[in-house]
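The next block holds one structure in the form of structure tokens; read it before the comments.
In what follows, chains carry the letters A, B, and so on, assigned in the order in which the sequence lines appear, proteins first and then strands, with residues in each chain numbered from 1.
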Amino acid sequence: MRELPKTYDPKVVEKKIYDMWMAGGYFKGVIDPEKKPFTIVIPPPNVTGQLHLGHAFDETLQDIIIRTRRMQGYAALWVPGTDHAGIATQIKVEEQLRAEGKTRFDLGREAFLERVWQWKNQYGSRIIEQLKTLGSSCDWDRERFTMDEGCSRAVREVFVALYEKGLIYKGNRIINWCPTCTTAISDAEVEHEEQEGGLWHLKYPVKDSDAFLVVATTRPETMLGDTGVAVHPEDKRYAHLVGQSVILPLMEREIPIIADDYVDMEFGTGTVKMTPCHDPNDFLVGQRHGLEQILVLDGDARINENGGKYQGLDRLEARKAVLADLEALGLLVKKETHRRNVGTCYRCSTTVEPMTSPQWFVKMEPLAKEALEVVEDGRIEFIPDRFIKIYRNWMENTHDWCISRQLWWGHQIPAWNCTVCDHITVSRTDPMACEQCGSDQIVRDADVLDTWFSSALWPFSTLGWPEETPDLAYFYPTSVLVTAYDILFFWVARMIVAGMEQMGEVPFHKVLLHGLIRDAEGRKMSKSLGNGIDPLDVIETYGADALRFNIVTGNSPGNDIRYHDERCEAMRNFANKIWNAARFVMMNLTITDNSLPEALELEDKWVLSQFNQVAKEVNENLGKYELGIAAGKIYDFIWDTYCDWYIELTKPRLNGEDEAGKIGAQRVLLYVFTEVLKLLHPFMPFITEEIWQALPVEGEAIMIESYPAWRADLDFPVEEARFEKIMAAVRAIRTRRSEMNVPPSKKSTVRIATEDPETFEAGQVYFGKLAYASELTITADAPDDLQGLVSVVTKDARMFLPLAELVDLAAERVRIDKEMAKAQENLDRILKKLTNENFLAKAKESVVTAEQEKADKARALIQNLEESRRQLEE
RNA sequence: GGAGGCUUAGCUCAGCUGGUUAGAGCGCUCGCCUCACACGCGAGAGGUCGAUGGUUCAAGUCCAUUAGUCUCCACCA
């Protein structure tokens with residue numbers, strides 16, 4: 001047994017304990033036909049990433065779950081890994097190159113990719129090492145990367161399979177273009193942001209007429225690509241013009257006036273310029289009316305060769321130039337200020353430009369149907385279930401998913417274009433020739449896939465798919481996916497889609513969606529605000545256990561939490577409390593095992609029974625993923641029940657002369673302590689393991705002990721109730737003394753009058769320690785003469801302390817009257833229920849019985865108070 | 001425009017399928033260095049659970065309306 005220092009120091013412990021776990025191989029997921037599997041795959045953090053509180057939240061929840069299941073006897077597997085994070089990583093390396101005065105084009109694709117891999121190998125393990133500081137019990141031997149060989153094979157297989165089924169296609173469609181990242185991004189990757197902008201009214205002259213049509217636009221530069229003007233079919237103002245054309249100013253292009261009910265007659269002038277290449281709605285209208293498509297922007301959002309003299313201008317410069325020219329021509333009617341939502345790139349916040357571009361898409365509609373079904377029918381359960389609605393809403397309105405990215409870092413699309421016949425060959429193995437014309441003049445598509453495409457396969461690609469591996473057979477489908485609600489669409493939805501399509505099975509049975517961590521003011525943590533909190537600093541200051549416990553308590557699924565340092569401090573204090581309980585237990589220990597004694601005292605049965613109840617409830621809460629509630633119950637048990645009461649209760653025995661009593665107290669003390677440490681272990685793995693290692697108990701590590709569960713032989717409801725009587729008496733005496741400002745150093749005799757002397761005699765020894773009694777007398781009746789005595793009353797006892805010199809009788813009367821009034825009020829409320837026939841008829845029997853018991857208790861208290869009041873008057 | 005969350009003690013939040021006198025942490029007041037712990041111990045003050053209406057024997061908990069607030073989706077140029 002080791003001597004423990006007075007204060008718990010997580011810094012010296014955590015690293016050591018983690019290494020011990022690793023050396024023990026306890027994190028390893030082992031296929032065991034005798035056991036049920038329990039699998040979690042980690043939401044792979046970006047390789048470019050640094051640990052932030054969001055990760056800490058996510059990992060903590062997963063670690064609590066997986067540690068619990070492991071202890072409950074499941075074959076637990078937590079698969080870790082990282083995500084190649086296409087754009088984010090490529091940007092990092094490009095920044096590095098820029099510092100050297102180079103661009104990726106200077107290097108060329110191959111050399112550039114080599115640089116990225118180099119970068120990945122150098123920094124990619126950083127986030128993994130940081131995850132370990134939290135105590136994450138991942139099976140690190142199974143660590144995966146979305147671009148490793150296996151995952152890449154999975155990606156290719158899925159791409160080809162979907163292509164063969166016609167669910168992936170290439171098309172020239174309107175997409176969101178980020179001019180900074182110079183790539184297409186999906187709808188989900190566009191964030192909308194309300195901005196103040198202009199609404200310009202432009203005059204378009206009607207051909208062969210003096211008339212004009214006035215159109216309104218927020219992006220005047222796009223007029224260079226206008227190929228029509230639309231009005232509403234029922235708009236009488238313009239009906240006569242439909243079929244005619246206008247001359248597009250500046251470009252001097254004749255474009256048709258068309259009628260389409262997309263146009264809102266009420267808005268603006270009721271006429272809309274049509275730019276099919278640069279507006280999604282115009283694109284659709286254009287398709288309906290066969291409008292010409294003219295792309296006027298290039299990849300850097302500069303006007304291209306179709307923009308005439310404006311070629312080369314940036315989109316905003318072009319706007320100025322176009323407006324100036326129109327004004328000079330007298331064609332600019334007015335400018336209004338206008339608030340509108342602008343789409344921005346979620347990676348770099350640049351305003352995205354809608355434009356037509358040849359890209360690859362996944363047809364979502366046929367896939368979304370089944371993916372929605374499995375959530376609707378409960379094959380996949382969302383926790384909390386309100387996210388089903390959000391999910392449904394998205395699934396029912398999903399657009400085709402643009403999956404190609406004009407990047408280099410990522411999974412290159414396995415498609416080859418034939419320069420002879422234009423056929424596209426998509427293949428699982430690199431083709432030598434065009435599958436249609438046989439020409440060897442084929443060029444591989446330069447684009448890579450959206451990072452989320454590979455993430456979508458994560459639950460099965462990490463288990464070995466497309467190979468039929470034993471892991472896949474045993475551990476798939478996974479049990480629960482834990483992630484923040486903000487990637488419900490990006491990731492969760494697409495995993496469900498991919499799982500159903502490829503595996504014909506759900507990728508996970510449950511999805512635990514948690515909130516975001518905000519700062520103390522409720523703001524999102526971000527680099528620009530500078531309000532980010534580094535979990536590594538927190539761990540350094542308070543310890544990983546404190547951080548974990550802070551995150552998990554006082555929070556319910558799906559809700560955001562604000563991070564407060566003070567809460568971490570409170571949890572650090574809790575860790576220290578446990579630490580000192582351990583010190584107490586150990587310094588009193590002469591035994592070397594934690595088996596229970598044969599003879600149990602009243603308070604032993606009380607604490608065992610209390611623990612039993614907590615163990616039961618904690619298991620239930622954990623089963624329902626109510627981690628915060630479970631944590632709270634353990635906290636309360638340890639602090640209140642075990643430390644504040646039970647430890648104090650054992651002191652007389654431990655310091656007494658009776659050898660059997662001493663040993664008995666030690667055994668129960670140690671037993672309950674080790675059990676509750678196990679219960680707590682998933683939440684606070686480090687300190688519980690450190691203490692376990694110091695305790696003289698069997699078992700090489702607490703993390704592989706079995707999780708406590710309810711035991712019929714430790715259920716002592718009768719003794720619990722009896723002991724509560726003693727506790728109530730002790731509390732009453734303390735309160736009374738406190739009210740009278742009696743210092744703890746001033747002891748007094750206590751005489752107890754009770755109808756249940758047996759119980760109080762069993763608890764006799766504790767009044768000295770807990771109620772500052774110098775001597776205790778237990779009788780059936782109250783003393784005849786109350787002269788010089790202060791009375792304290794509970795429903796089960798009246799207690800008399802010779803402290804009368806400290807109070808005056810008048811104040812005493814007032815106090816008792818007040819207590820009596822309160823008790824009477826309480827009784828009245830209960831009786832109101834019990835005399836209500838409807839209540840008696842309709843309420844559950846257990847509820848009625850409980851009310852009756854309450855009434856009895858209230859009556860007993862009042863009776864005792866009355867007795868004291870009467871005696872006071874004598 | 002559509003959907004959802006939140007509104008409970010001074011602050012930050014729990015409160016599961018409706019049923020004790022609504023809880024915790026921090027803060028506050030009073031008394032304690034009591035032989036595990038002052039990162040502590042004991043005692044206490046503090047809430048008409050946003051508002052209104054309803055269902056029910058019973059509502060912080062369910063339903064409707066409403067206010068404030070946050071978020072997501074859509075995007076009328």
Side-chain angles (χ1 to χ4, degrees), chain A residues 4 6-8 192 199 215-219 222 230 262-264 266-275 279-282 338 340-341 343 384 386-387 389-390 392-394 397 485-486 488-489 515-516 520 522 542 550 553-556 558-564 566-567 569-588 620-621 624 626 628-629 632 635-636 643-644 647-648 651 655 731 734-739 741-745 769-770 772 822 825-826 829-830 833 836-844 846-848 850-851 853-854 857-858:
Chain A
L4 300 179
K6 199 167 164 178
T7 310
Y8 174 60
H192 295 279
L199 182 66
V215 295
T217 178
T218 55
R219 293 181 302 151
T222 61
Y262 155 72
V263 179
D264 180 352
E266 308 299 318
F267 189 88
T269 57
T271 53
V272 187
K273 62 192 265 315
M274 289 289 122
T275 322
D279 183 282
N281 290 311
D282 295 3
H338 181 68
R340 66 173 212 125
N341 277 327
R386 63 181 145 89
F387 285 102
K389 273 193 165 183
I390 298 170
R392 181 189 301 130
N393 187 268
W394 196 74
N397 298 293
Y485 63 74
D486 61 344
L488 186 61
F489 306 137
L516 277 20
Y542 301 108
N550 177 12
T553 51
N555 175 249
S556 48
N559 289 342
D560 292 352
I561 47 181
R562 296 188 188 199
Y563 176 84
H564 286 95
E566 303 83 72
R567 269 185 65 88
E569 200 176 316
M571 296 314 159
R572 187 269 319 263
N573 293 352
F574 177 51
N576 199 238
K577 187 74 183 174
I578 300 164
W579 187 251
N580 277 289
R583 288 179 62 224
F584 176 82
V585 170
M586 287 168 65
M587 67 179 55
N588 283 290
E620 286 168 1
N621 291 136
K624 289 187 278 184
E626 295 164 355
I629 295 173
Y635 179 99
D636 289 343
C643 290
D644 288 348
I647 282 186
E648 294 306 322
K651 283 177 180 174
N655 299 327
R731 286 200 184 102
R734 283 173 175 170
T735 302
R736 195 75 194 90
R737 287 174 55 102
S738 185
E739 277 166 8
N741 280 322
V742 187
S745 52
K769 178 81 191 162
L770 304 176
Y772 319 100
K822 227 172 124 184
E825 209 179 295
N826 185 32
R829 193 181 39 250
I830 298 165
K833 283 191 196 176
N836 181 338
E837 278 173 35
N838 278 322
F839 173 73
L840 294 173
K842 295 183 180 174
K844 269 184 291 183
S846 61
V847 174
V848 177
E851 288 299 320
E853 278 169 19
K854 273 191 271 176
K857 287 177 183 173

Check your understanding: Does R562(A) put a side-chain nitrogen or oxygen below 4.0 Å from OP1 or OP2 of C13(B)?
Key -> yes
Exercise for review: Run the salt-bridge test on R736(A) and E739(A) with the 4.0 Å N-O cut-off and return the result as yes or no.
Suggested key: yes
**Study point:** Span that lies between the C1' atom of A77(B) and that of G4(B), in whole angstrom
**Key:** 29 Å
Review point. If you look at every strand shown and take non-hydrogen atoms under 4.0 Å, does N588(A) touch a base, only sugar-phosphate, or nothing?
Key: nothing
**Study point:** Side chain of Y262(A) (C-beta onward), nearest among C39(B), G19(B), C76(B)
**Key:** C76(B)
Exercise for review: Please determine, by modelled atom types, if Y485(A) and D560(A) share a side-chain donor-acceptor pair under 3.5 angstrom.
Suggested key: yes
Point to revise | Distance-minimising heavy-atom pair for R567(A) and N550(A) | key: NE-OD1, 2.9 Å
Check your understanding: Of the candidate nucleotides A36(B), G19(B), A43(B), which contains the atom at the shortest distance from the side chain of F839(A)?
Key -> G19(B)
Check your understanding: How far does the C1' atom of U12(B) sit from the matching atom of G53(B), given to the nearest Å?
Key -> 32 Å
Review point. Taking CG from N621(A) and C1' from G15(B), how many angstroms apart are they, rounded to a whole number?
Key: 12 Å
Check your understanding: Considering only G19(B), A77(B), A14(B), which nucleotide approaches the side chain of V847(A) most closely?
Key -> G19(B)
Practice item. Assign E739(A) to base, sugar-phosphate, or nothing according to its heavy-atom contacts below 4.0 angstrom with the strands shown. Key: nothing
Revision key, fill the gap. Separation of C39(B) atom C1' from Y8(A) atom OH, nearest Å, is 13 Å
Check your understanding: Nearest to the side chain of K389(A) - G4(B), G15(B), A74(B)?
Key -> G4(B)
Check your understanding: To the side chain of F267(A), which of U20(B), A77(B), G25(B) is closest?
Key -> A77(B)
**Study point:** Protein-nucleotide distance (N397(A), atom CG; A3(B), atom P), rounded to Å
**Key:** 13 Å
Review point. Quick one: do the R219(A) and T275(A) side chains pair a donor with an acceptor below 3.5 Å?
Key: no
Check your understanding: Is K624(A) touching bases, backbone alone, or none of the nucleic acid, heavy atoms closer than 4.0 Å?
Key -> base
Exercise for review: Please work out if V263(A) contacts a base, only the sugar-phosphate, or nothing of the nucleic acid, heavy-atom cut-off 4.0 Å.
Suggested key: base
Exercise for review: Check every strand shown and say whether D264(A) touches a base, only sugar-phosphate, or nothing at a heavy-atom separation below 4.0 Å.
Suggested key: base
Check your understanding: Once you round it to whole Å, what is the distance between P of A36(B) and CZ of F584(A)?
Key -> 6 Å
Check your understanding: To the nearest angstrom, how far is K833(A) atom NZ from U20(B) atom P?
Key -> 6 Å
Practice item. Output the single nucleotide from U20(B), A36(B), C37(B) whose closest atom is nearest the side chain of K854(A). Key: U20(B)
Review point. So what does A570(A) hit on the nucleic acid, given a heavy-atom distance under 4.0 Å: a base, only sugar-phosphate, or nothing?
Key: sugar-phosphate
Check your understanding: With both distances under 3.5 Å as the test, what is the Watson-Crick or G-U wobble partner of G31(B)?
Key -> C41(B)
**Study point:** C72(B) and C37(B), which share atom name C1', separated by this distance in whole Å
**Key:** 47 Å
Practice item. Determine the contact category for N655(A): base if any of its heavy atoms lies under 4.0 Å from a base atom, sugar-phosphate if only primed atoms, P, OP1 or OP2 are that close, otherwise nothing. Key: nothing
Point to revise | Between U21(B) and G25(B) - C1' atom distance, rounded Å | key: 22 Å
**Study point:** Whole-Å distance separating the CG atom of D279(A) from the C1' atom of C76(B)
**Key:** 10 Å
Review point. Atom CZ of R731(A) to atom P of C41(B): distance rounded to whole Å?
Key: 14 Å
Practice item. Check whether any side-chain N or O of N573(A) sits under 4.0 Å from OP1 or OP2 of G40(B), and answer yes or no. Key: yes
Check your understanding: Taking atom P in both A58(B) and A67(B), what distance in whole Å separates the two?
Key -> 29 Å
Practice item. Please check if the side chain of N588(A) supplies one atom and the backbone of F584(A) the other of a donor-acceptor pair under 3.5 Å. Key: yes
Study note, to complete from the structure: Contacts of R829(A) and N836(A) projected onto RNA chain B by closest heavy atom; the upstream (5') one is R829(A)
Check your understanding: Counting only heavy atoms not in K857(A), do more than 12 sit closer than 6.0 Å to its NZ atom?
Key -> no
Check your understanding: What nucleic acid atoms does T7(A) come within less than 4.0 Å of, heavy atoms only: base, sugar-phosphate, or nothing?
Key -> base
Study note, to complete from the structure: Taking a pair to mean Watson-Crick or G-U wobble geometry with both distances below 3.5 Å, C6(B) pairs with G68(B)
**Study point:** N or O in side chain of R734(A) less than 4.0 angstrom from A43(B) OP1/OP2
**Key:** yes
Review point. With sugar-phosphate meaning primed atoms plus P, OP1 and OP2, does I647(A) contact a base, only sugar-phosphate, or nothing at under 4.0 Å between heavy atoms?
Key: base
Check your understanding: Between A77(B), A43(B), C35(B), which nucleotide has the shortest distance from any of its atoms to the side chain of K769(A)?
Key -> C35(B)
Check your understanding: Donor-acceptor pair, D279(A) side chain versus D282(A) backbone, under 3.5 Å?
Key -> yes
Exercise for review: For F387(A), answer base if it contacts any base atom (sugar-phosphate contacts may also be present), sugar-phosphate if it contacts only those atoms, and nothing otherwise; contact means non-hydrogen atoms under 4.0 Å.
Suggested key: nothing
Study note, to complete from the structure: Side-chain contact check for K273(A): nearest option of G42(B), A36(B), A77(B) is A77(B)
Revision key, fill the gap. A14(B) -> Watson-Crick or G-U wobble partner, both distances under 3.5 Å, gives none
Practice item. Please tell me if the side chains of L199(A) and T217(A) come closer than 4.5 Å, counting only heavy atoms from C-beta onward. Key: no
Check your understanding: Counting only Watson-Crick or G-U wobble pairs whose two distances fall under 3.5 Å, which nucleotide matches G46(B)?
Key -> none
**Study point:** Short side-chain N/O contact from S556(A) to OP1 or OP2 of A14(B), under 4.0 Å
**Key:** yes
**Study point:** Separation between the C1' atoms of C62(B) and G19(B), rounded to whole Å
**Key:** 14 Å
**Study point:** Side-chain donor/acceptor of R734(A) to backbone N/O of L770(A), under 3.5 Å
**Key:** yes
**Study point:** Gap between atoms CG and P, on N341(A) and C75(B) respectively (whole Å)
**Key:** 10 Å
Exercise for review: Taking only the side-chain heavy atoms of Y635(A) (C-beta and beyond), determine which of G25(B), G44(B), G40(B) contains the nearest atom.
Suggested key: G25(B)
Practice item. Pick base, sugar-phosphate or nothing for D560(A), based on heavy-atom distances below 4.0 Å to the nucleic acid. Key: nothing
**Study point:** Short side-chain N/O contact from K577(A) to OP1 or OP2 of C41(B), under 4.0 Å
**Key:** yes
Check your understanding: Taking the same atom, P, in U7(B) and in A14(B), what whole-Å distance lies between them?
Key -> 7 Å
Review point. When you compare C70(B) with G31(B), how far apart are their P atoms, in angstrom units rounded to a whole number?
Key: 44 Å
**Study point:** Contact nearer the 5' end of RNA chain B, comparing N838(A) with H564(A)
**Key:** H564(A)
Revision key, fill the gap. The nucleotide from A36(B), A77(B), U34(B) with an atom nearest the side chain of M587(A) is A36(B)
Practice item. Could you check whether N393(A) gets within reach of a base, just the sugar-phosphate, or nothing at all, counting any heavy atom under 4.0 Å? Key: sugar-phosphate
Exercise for review: With heavy atoms under 4.0 Å as the rule, sort R386(A) into base, sugar-phosphate or nothing.
Suggested key: sugar-phosphate
Check your understanding: Does the pair E825(A) and K822(A) meet the rule for a salt bridge (Lys or Arg N to Asp or Glu O under 4.0 Å), with working shown?
Key -> CA-CA 5 Å; E825(A) 209 179 295; K822(A) 227 172 124 184; over 6 Å; no
Review point. Looking at C37(B), does its base get a donor-acceptor pair with the side chain of R583(A) below 3.5 Å?
Key: no
